[in-house]
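Some notes on the structure that comes next.
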Amino acid sequence: QVQLVESGGGLVQAGGSLRLSCAASGRTFSSSGMGWFRQAPGKEREFVAAISWSGASSHYADSVKGRFTISRVNAKNAVYLQMNSLRPEDTAVYYCAASVYSGGSRNSRDFDSWGQGTQVTVSS
């Protein structure tokens, strides 16, 4: 498995930006697809974005498309989520996850390693 630690969450006003980071160690990070998921209070965990092992392909939930950008730097064992034009409905705990596959995936069952999460709160 891959050990994952998220950082960068916080409180921001609507319309603002945050950049989440995920530091990875363990299993060969550079061969794993990576993803970001989020869970709001009282709701199920949902897919946000995913990126393939090389960074050549990425996928986004419709709700964040055009506002969020996922990226990775394999030399640093790191994945990032740049979040712009934040909305109150983006408030959630955000989780970084490593896939058992090399491509990006929207399915949480394709991910076997999860971070502890970082809280993002967007005020109106």
Side-chain angles (χ1 to χ4, degrees):
Q1 287 191 330
V2 181
Q3 288 73 49
L4 304 168
V5 179
E6 303 97 334
S7 61
L11 173 64
V12 64
Q13 288 188 333
S17 298
L18 281 175
R19 187 193 194 208
L20 304 184
S21 299
C22 175
S25 62
R27 183 182 76 205
T28 306
F29 166 81
S30 59
S31 64
S32 299
M34 297 295 295
W36 286 95
F37 292 78
R38 66 187 182 186
Q39 187 167 19
K43 295 187 177 181
E44 294 186 353
R45 187 174 298 185
E46 65 174 0
F47 168 77
V48 175
I51 190 167
S52 63
W53 70 275
S54 66
S57 65
S58 56
H59 310 278
Y60 296 92
D62 289 343
S63 59
V64 307
K65 199 171 294 183
R67 301 187 297 123
F68 291 12
T69 302
I70 188 171
S71 61
R72 66 188 296 164
V73 179
N74 286 345
K76 294 185 177 182
N77 280 8
V79 179
Y80 307 98
L81 185 68
Q82 177 66 44
M83 305 186 295
N84 298 328
S85 302
L86 283 161
R87 304 168 181 168
E89 53 264 39
D90 294 319
T91 295
V93 177
Y94 283 70
Y95 297 91
C96 175
S99 175
V100 297
Y101 304 113
S102 58
S105 172
R106 299 172 179 265
N107 191 338
S108 62
R109 288 173 291 183
D110 291 337
F111 295 81
D112 67 342
S113 299
W114 295 81
Q116 82 289 350
T118 185
Q119 176 71 46
V120 171
T121 303
V122 184
S123 63
S124 57

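Atom-to-atom distance recorded for M34:CE and S71:OG is 11.5 Å, nearest 0.5 angstrom. One finds the CZ atom of R87 at 14.0 Å from the OG atom of S124 (value rounded to the nearest 0.5 Å). In this structure, CG on N74 lies 8.0 Å from CH2 on W53, to the nearest 0.5 angstrom. Separation of atoms OG (S32) and CG (D110) is listed at 12.0 Å; rounding is to 0.5 Å.
A donor-acceptor contact shorter than 3.5 Å links the side chain of T118 to the backbone of G9. A donor-acceptor distance shorter than 3.5 angstrom exists from the side chain of E6 to the backbone of Q116, with no hydrogens or angles considered. Judged purely by atom type and a 3.5 angstrom limit, R106 uses its side chain to pair as donor or acceptor with the backbone of Y60.
Under the disulfide (SG to SG under 2.5 Å) criterion, the residue pairs touching residues 35-124 are C22-C96, with sequence neighbours excluded. For residues 65-74, the set of pairs meeting the salt bridge (charged side-chain N to carboxylate O under 4.0 Å, His left out) definition, not counting sequence neighbours, comprises D62-K65, R67-D90.
For S99 against F111, the heavy-atom pair with the smallest separation is N-CD2, 3.5 Å.
In terms of hydrophobic clustering, with Ile, Leu, Val, Met, Phe, Trp and Tyr side chains grouped at heavy-atom distances under 4.5 Å, V48 and I70 are assigned to a common cluster. Taken together through direct or relayed side-chain contacts under 4.5 Å among Ile, Leu, Val, Met, Phe, Trp and Tyr, L4 and V93 form parts of separate hydrophobic clusters.
Here V120 pairs with L18, L20, M83, Y94, V122 under the side-chain contact (heavy atoms from CB on, under 4.5 Å) rule; sequence neighbours left out. S57 is linked by a side chain to side chain donor-acceptor pair (under 3.5 Å) to S52, counting only residues two or more places apart in sequence or in another chain. In this view, T121 and Q119 satisfy the side chain to side chain donor-acceptor pair (under 3.5 Å) rule, not counting sequence neighbours. Among residues two or more places apart in sequence or in another chain, the side chain to side chain donor-acceptor pair (under 3.5 Å) test is passed with Q82 by N84. S21 is linked by a side-chain contact (heavy atoms from CB on, under 4.5 Å) to S7, Y80, counting only residues two or more places apart in sequence or in another chain. The side chain to side chain donor-acceptor pair (under 3.5 Å) check on T91 picks up nothing, with sequence neighbours excluded. Partners of E44 under the side-chain contact (heavy atoms from CB on, under 4.5 Å) rule, at least two apart in sequence or in another chain, do not exist in this structure. E46 pairs by the salt bridge (Lys or Arg N to Asp or Glu O under 4.0 Å) definition with R38, not counting sequence neighbours. Judged as a ring pair (Phe, Tyr, Trp, His ring centres under 6.0 Å), and not counting sequence neighbours, the contacts of F47 are F37.
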